[in-house]
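One structure is given here, and the rest of the page talks about it.
Worth saying up front: this structure is predicted, and the values here are computed from it rather than measured.
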Amino acid sequence: MASAKDPFQFQEFEEAGNLLEANRDATTISIEDDVVNPEKQRKATGFTPDVDNEDPLGNDDETELLSGQKKSAPFWTFEYYQRFFDIETHHVKERIVGSVLPWPGKNFIHVYLRRNPDLYGPFWICTTLVFAIAISGNISNFLVHLGKPNYRYTPEFRKVTIAATAIFSYAWLVPLALWGFLLWRNNKIMNLVSYSFMEIVCVYGYSLSIYIPAVVLWIIPYEWLRWCSIVVALCLSGSVLALTFWPAVRDDHPKVIIAIMSAIVVLNVLLAVGCKAYFFSKPEPALLVENSAAKEVIKATPLQ
């Protein structure tokens with residue numbers, strides 16, 4: 001006969017039932033949960049995984065991206081300047097158009113740079129302008145002397161070196177001096193408008209873009225056309241610089257305002273007029289007279 005209570009029959013534990021009745025908010029863990037979803041166990045028991053066991057490099061990158069902060073590289077390293085060449089092509093086009101077509105009330109730094117200056121555009125603008133001046137100067141010199149029997153064309157490669165020295169010195173040394181002066185004045189009068197060195201370099205670099213088509217027009221040997229192109233380029237380039245740096249000096253002393261704005265305009269004029277006078281100057285009259293005198297001596301000398 002089978003007993004009233006089979007020892008092998010499943011029986012509920014009364015102790016567990018009593019405990020659940022006493023504490024209904026208690027968390028229970030089943031074997032299925034442990035096998036199927038171990039992540040719920042960790043959350044239920046308050047267990048947190050060990051962070052040291054994960055990839056430290058991945059955590060560092062994720063932390064920097066989430067916080068929005070990256071470790072800044074020193075200025076003498078390549079990584080520091082690499083970010084200034086990371087720019088889209090359409091941004092460069094917008095900045096070139098903005099430098100060629102300035103508009104009153106529009107600050108070039110606030111409208112186009114947006115605290116993101118680049119060196120890609122200024123570098124290639126300066127390099128293109130250097131070769132444009134050197135090549136146009138050689139072509140202009142060739143056209144002026146074309147047809148003269150005693151003229152022999154020789155390319156003047158030294159013009160590339162001279163043009164590069166003048167352009168890059170203007171695009172780097174003038175912004176450096178201006179940045180130092182504005183920084184000194186801001187420390188004295190506590191001006192709210194301040195620009196970084198890279199922003200000033202970027203403005204000066206893009207302001208030279210208008211001179212590239214003007215220099216190409218200088219090949220045509222008409223002085224009135226050259227001077228008209230110089231005046232137009234000076235007005236556009238000077239307007240970009242004046243509209244950009246006016247907010248940084250307008251709260252200063254009137255004498256300081258006149259001095260700094262005059263220096264910006266005068267240096268711009270000296271660059272344009274100096275390049276025109278050196279690379280596109282007319283033949284010296286003394287040289288022509290000397291050549292004519294030499295011809296007369298050769299004709300007058302009897303053959304022996």
Side-chain angles (χ1 to χ4, degrees), residues 80-103 106-140 157 159-179 195-219 226 229-245 264-276 278-280:
Y80 177 82
Y81 298 95
Q82 186 177 6
R83 61 190 178 96
F84 294 110
F85 291 87
D86 187 11
I87 186 173
E88 299 293 336
T89 304
H90 64 91
H91 289 158
V92 177
K93 292 181 180 179
E94 290 177 359
R95 295 175 182 186
I96 292 176
V97 172
S99 66
V100 174
L101 301 174
W103 194 259
K106 285 188 176 182
N107 191 314
F108 186 83
I109 293 179
H110 294 164
V111 175
Y112 297 101
L113 299 188
R114 299 181 182 91
R115 296 293 178 181
N116 184 27
D118 71 287
L119 293 179
Y120 179 85
F123 173 78
W124 284 113
I125 288 173
C126 293
T127 303
T128 305
L129 182 59
V130 167
F131 285 99
I133 290 176
I135 295 173
S136 300
N138 278 281
I139 295 176
S140 176
F157 294 104
K159 289 185 176 182
V160 178
T161 305
I162 297 173
T165 303
I167 297 300
F168 281 98
S169 297
Y170 174 81
W172 282 92
L173 297 182
V174 175
L176 179 61
L178 182 59
W179 171 73
Y195 303 137
S196 65
F197 173 66
M198 288 301 172
E199 288 175 341
I200 298 177
V201 170
C202 189
V203 173
Y204 266 85
Y206 279 104
S207 67
L208 295 175
S209 59
I210 187 60
Y211 287 108
I212 297 176
V215 166
V216 175
L217 289 177
W218 293 355
I219 297 177
R226 293 176 178 177
S229 63
I230 288 177
V231 171
V232 173
L234 282 175
C235 292
L236 295 177
S237 179
S239 298
V240 173
L241 298 176
L243 293 174
T244 301
F245 296 107
I264 292 173
V265 175
V266 169
L267 290 174
N268 193 16
V269 172
L270 288 178
L271 177 70
V273 176
C275 289
K276 191 270 174 189
Y278 182 82
F279 296 100
F280 300 89

**OP:** With sequence neighbours excluded, give me every salt bridge (charged side-chain N to carboxylate O under 4.0 Å, His left out) pair touching residues 163-173.
**Re:** none
Original post:
Taking only residues two or more places apart in sequence or in another chain, which ones pass side chain to side chain contact (heavy atoms under 4.5 Å, CB included) with V111?
Top reply: K106
**OP:** Please collect all salt bridge (charged side-chain N to carboxylate O under 4.0 Å, His left out) contacts where either partner lies in residues 208-217, sequence neighbours excluded, each pair once.
**Re:** none
Original post:
Can you check whether L208 reaches Y170 side chain to side chain, under 4.5 Å on heavy atoms?
Top reply: yes
Subject >> Residue pairs involving residues 160-169 (criterion side chain to side chain donor-acceptor pair (under 3.5 Å); sequence neighbours excluded) >> reply: none
Subject >> Distance, nearest 0.5 Å, that separates CD1 of I109 from CZ of F245 >> reply: 5.5 Å
Subject >> For A134, side chain to side chain contact (heavy atoms under 4.5 Å, CB included) partners two or more places apart >> reply: K159, V160
**OP:** Could you tell me whether F131 atom CZ has more than 12 heavy atoms of other residues or ligands within 6.0 Å of it?
**Re:** no
**OP:** State whether the side chain of S207 and the backbone N or O of S237 hold a donor-acceptor pair below 3.5 Å, judged by distance alone.
**Re:** no
**OP:** Using the side chain to side chain donor-acceptor pair (under 3.5 Å) rule, collect all pairs that involve residues 128-139, keeping only residues at least two apart or in two chains.
**Re:** none
Original post:
Where is the tightest heavy-atom contact between N107 and L243, given as atom of each residue plus distance?
Top reply: ND2-O, 4.0 Å
Original post:
Who are the side chain to side chain contact (heavy atoms under 4.5 Å, CB included) partners of D118, not counting sequence neighbours?
Top reply: I87, R95, Y120, P122, C202, Y206
Original post:
Among pairs that include at least one residue of residues 198-210, which meet salt bridge (charged side-chain N to carboxylate O under 4.0 Å, His left out), considering only residues two or more places apart or in two chains?
Top reply: R115-E199
**OP:** Tell me, please, which residues at least two apart from S140 pass side-chain hydrogen bond (donor to acceptor under 3.5 Å, both in side chains).
**Re:** R226
**OP:** Under the ring-ring contact (aromatic ring centres under 6.0 Å, His included) rule, collect the residues that match up with Y112, sequence neighbours excluded.
**Re:** F108
Subject >> Set of residues satisfying side chain to side chain contact (heavy atoms under 4.5 Å, CB included) with respect to I162, sequence neighbours excluded >> reply: R158, Y278, F279
Subject >> Any side-chain heavy-atom pair of L271 and I167 under 4.5 Å >> reply: yes
Original post:
Rounded to the nearest 0.5 Å, how far does SG of C235 lie from CD1 of I230?
Top reply: 11.5 Å
Original post:
Looking at CD1 of I133 and CD1 of I212, how far apart are the two atoms once the value is rounded to the nearest 0.5 Å?
Top reply: 9.0 Å
Subject >> Any S209 side-chain heavy atom under 4.5 Å of V100 side chain >> reply: yes
**OP:** With sequence neighbours excluded, give me every salt bridge (charged side-chain N to carboxylate O under 4.0 Å, His left out) pair touching residues 164-177.
**Re:** none
Original post:
Taking atom NZ of K276 and atom OH of Y211, what is their separation to the nearest 0.5 Å?
Top reply: 14.5 Å
Subject >> Nearest atoms (heavy-atom pairs only) where A132 meets V215 >> reply: O-CG1, 3.5 Å
Subject >> Min side-chain heavy-atom separation I264-N268 under 4.5 Å >> reply: no
Original post:
Can you tell me how far CZ of F197 sits from CG of L178, rounded to the nearest 0.5 angstrom?
Top reply: 10.5 Å
**OP:** Hey, can you tell me if Y195 and H110 have their rings parallel, tilted or perpendicular (30° and 60° cut-offs)?
**Re:** perpendicular
Original post:
Got a second to check how far W103's CH2 is from S239's OG, nearest 0.5 Å?
Top reply: 12.0 Å
